[in-house]
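Counting starts at 1 for both ligands and their atoms, in listed order.
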Amino acid sequence: MKSLTHLAETFGTPLYVYRLDKVRRAALDLLDALPHGARLYYSLKANPHPAVVRELSGLGLHMEISSPGELAVSEHAGHPARHCLYTGPGKTPAEVSGALAAGVRLFSVESPTDLRRIAELGVGSGATVDYLVRLNARAAAAGTGLRMTGRSSQFGTDPDAALAAGMFDSAPGARAAGAHLFSATNVADEQDLVEEFDSVLHTALSTFGTAGVAPSLLDLGGGFAAPFAAPGERPAYTGLRAVLEERLDARVPRWRAGEPGIAFESGRYLAADCGSLLTTVLDVKHSRGTTYVVLDAGVNVLGGMSGVGRLLTPAVQPSAEADGAAGDTGRAEVTLVGPLCTPLDVLARSARIPVPRPGDVLRIDNTGAYGLSASLSGFLSRPPATEVVLGADDVVLDVRALETVYSAGAASGR
Ligand SMILES: *Cc1c(COP(=O)(O)O)cnc(C)c1O
């Protein structure tokens with residue numbers, strides 16, 4: 001990676017740098033690893049930057065969106081609403097109406113209530129809405145990632161309950177188009193992924209079989225892994241495509257003709273390695289045997305979901321000083337903390353790095369997914385990180401920062 005020091009000097013820190021060529025590379029790699037002709041959804045929650053969305057949309061990916069803000073970004077990026085899948089366990093009537101008005105026609109429904117609401121609003125809008133029944137699949141493999149469903153879950157509906165509630169019987173205003181399953185995330189092992197897809201495919205087909213309905217789209221979810229905020233490479237999944245094609249041929253022989261269409265979803269695999277966070281060392285201090293490196297990027301900028309105590313401290317590991325000059329000598333174990341006035345503001349408890357000096361700029365790679373988007377931006381009212389997008393030859397294409405402001409009366413009409 002070229003030196004990024006000049007970017008930190010020009011735009012200040014904390015600074016997220018996104019490289020579009022890396023977004024492109026990741027998308028082409030994943031499309032290559034998946035069954036030929038399968039649809040791939042990009043989950044905007046990983047990184048909703050409009051330039052990232054535009055790049056992926058241009059490569060033919062569809063968008064998986066889950067909020068009015070993500071819909072707005074998708075539209076802003078020029079992505080067609082008819083190529084969006086609107087998901088989420090708690091859609092408000094207002095946001096569904098907004099999505100319908102924008103032209104979204106495919107929803108993942110998470111419960112009978114969600115389905116009824118979408119159907120009613122579909123009738124009201126005069127549009128016929130397609131929906132995927134989000135199923136809470138039974139667990140198959142013991143994957144390494146975070147399992148989202150398979151036991152009791154706030155996501156989707158258990159297959160038996162979905163059948164009992166008649167969720168596969170299309171209603172006026174809404175047509176049952178297929179199934180949506182998303183049961184694991186960050187699964188680096190290819191064999192575990194295969195087992196996972198096998199299991200969700202089985203669940204989808206047996207449930208639709210029992211319902212006596214032929215699905216037109218099976219969204220089998222994802223789980224494609226990527227490193228986070230530490231050096232590392234995306235897994236290659238070199239054998240995935242052949243195995244999945246073989247299993248689809250055996251179970252759904254007409255899938256190549258789109259009967260049903262097969263879809264997958266990914267956030268982190270597509271966006272993680274495009275991003276690096278540049279952060280300035282504000283202080284280096286010692287307390288009872290621990291070296292604290294105080295950065296201008298805390299959980300308000302990176303890894304905020306850990307900051308709230310929901311998950312473990314993320315073990316952020318800077319790759320190098322931004323100018324790449326740091327030698328390998330003099331590495332020590334340090335605790336990386338941010339500037340916030342809370343003991344939760346810890347990015348790593350034992351990062352092994354050359355002990356920096358105040359003023360140094362550190363680079364934290366693999367922060368393109370769940371970096372800023374999963375941060376506690378707004379917490380402590382510090383200015384959000386700037387985001388800069390680089391195109392070919394590191395040309396700066398876009399510079400912006402989120403705004404967090406109180407605005408009187410903004411909530412009216414929601
Ligand atoms: C978060 C999410 C994704 C993306 O997950 P990654 O691990 O980033 O690939 C895909 N689908 C759904 C329904 C999600 O909630």
Side-chain angles (χ1 to χ4, degrees), residues 23 26-27 29-31 33-34 38-49 52-53 56 61-67 69-71 73-74 84-91 104 106-111 114 131-137 143-150 153-157 178-190 192-193 196-197 200 203-204 217-229 232 234-235 237 240 262-275 303-306 310-311 314 366-375:
V23 175
D29 285 352
L30 190 50
L31 287 170
L34 293 174
R39 179 186 300 179
L40 180 56
Y41 283 99
Y42 173 56
S43 302
L44 262 72
K45 79 167 183 269
N47 185 336
H49 196 290
V52 172
V53 174
L56 292 170
L61 274 71
H62 290 207
M63 297 300 145
E64 188 255 310
I65 56 176
S66 189
S67 69
E70 289 182 354
L71 172 60
V73 168
S74 174
C84 287
L85 167 64
Y86 205 108
T87 67
K91 307 176 196 77
V104 176
L106 183 61
F107 290 80
S108 164
V109 302
E110 300 246 359
S111 71
D114 195 22
Y131 65 88
L132 306 178
V133 179
R134 181 157 180 190
L135 293 172
N136 177 25
T144 47
L146 171 68
R147 184 168 299 287
M148 313 273 296
T149 57
S153 171
Q154 79 223 61
F155 300 110
T157 303
H180 175 209
L181 299 98
F182 182 76
S183 55
T185 181
N186 219 5
V187 181
D189 183 85
E190 189 167 295
D192 285 348
L193 259 191
E196 196 64 43
F197 288 132
V200 300
T203 301
L217 180 65
L218 296 179
D219 180 344
L220 303 179
F224 312 104
F228 174 73
R234 289 180 277 111
Y237 301 128
L240 190 61
I262 303 293
F264 296 90
E265 305 174 346
S266 174
R268 73 189 67 230
Y269 190 92
L270 296 168
D273 75 356
C274 82
M305 302 289 260
S306 324
R310 178 77 181 75
L311 300 167
N366 290 314
T367 45
Y370 305 111
L372 195 61
S373 75
S375 70

Q.
To the nearest 0.5 Å, what is the distance between OH on Y370 and OG on S43?
A. 6.0 Å

Short list, please: which atoms of ligand 1 are under 4.0 Å from a heavy atom of [X]?
X: Y370; answer: 1 (C), 4 (C), 5 (O), 6 (P), 8 (O)
X: T185; answer: 6 (P), 7 (O)
X: G267; answer: 4 (C), 6 (P), 8 (O), 9 (O)
X: E265; answer: 10 (C), 11 (N), 12 (C), 13 (C)

Q: Just let me know how R268 lines up against ligand 1, side chain, backbone, both or neither, with a heavy-atom cut-off below 4.0 Å.
A: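 The answer is both, backbone and side chain.
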
(Q) Test of understanding: given a 4.0 Å heavy-atom threshold, classify the contact between Y269 and ligand 1 as side chain, backbone, both, or neither. (A) neither

Treating [X] as the side-chain partner and [Y] as the backbone partner, does any N or O pair qualify as donor plus acceptor under 3.5 Å?
X: E70; Y: I65; answer: no
X: E190; Y: L240; answer: yes
X: S373; Y: K45; answer: yes

**Q.** Distance-minimising heavy-atom pair for Y237 and A188
**A.** CE2-O, 3.6 Å

Q) With a 4.0 Å cut-off on heavy atoms, does A46 reach ligand 1? A)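 Outside the 4.0 Å threshold, so no.
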
(Q) Students often mix this up, so state it plainly: with edges at 30° and 60°, are the rings of Y41 and H62 parallel, tilted or perpendicular? (A) perpendicular

Q: Ignoring angles and geometry beyond distance, decide whether H180 reaches within less than 3.5 Å of ligand 1 through its nitrogen or oxygen atoms.
A: no

Q. Counting both backbone and side chain atoms, is some N or O of F224 under 3.5 Å from an N or O of ligand 1?
A. no

Q | Check: Y86 ring centre within less than 6.0 Å of F107 ring centre | A | yes

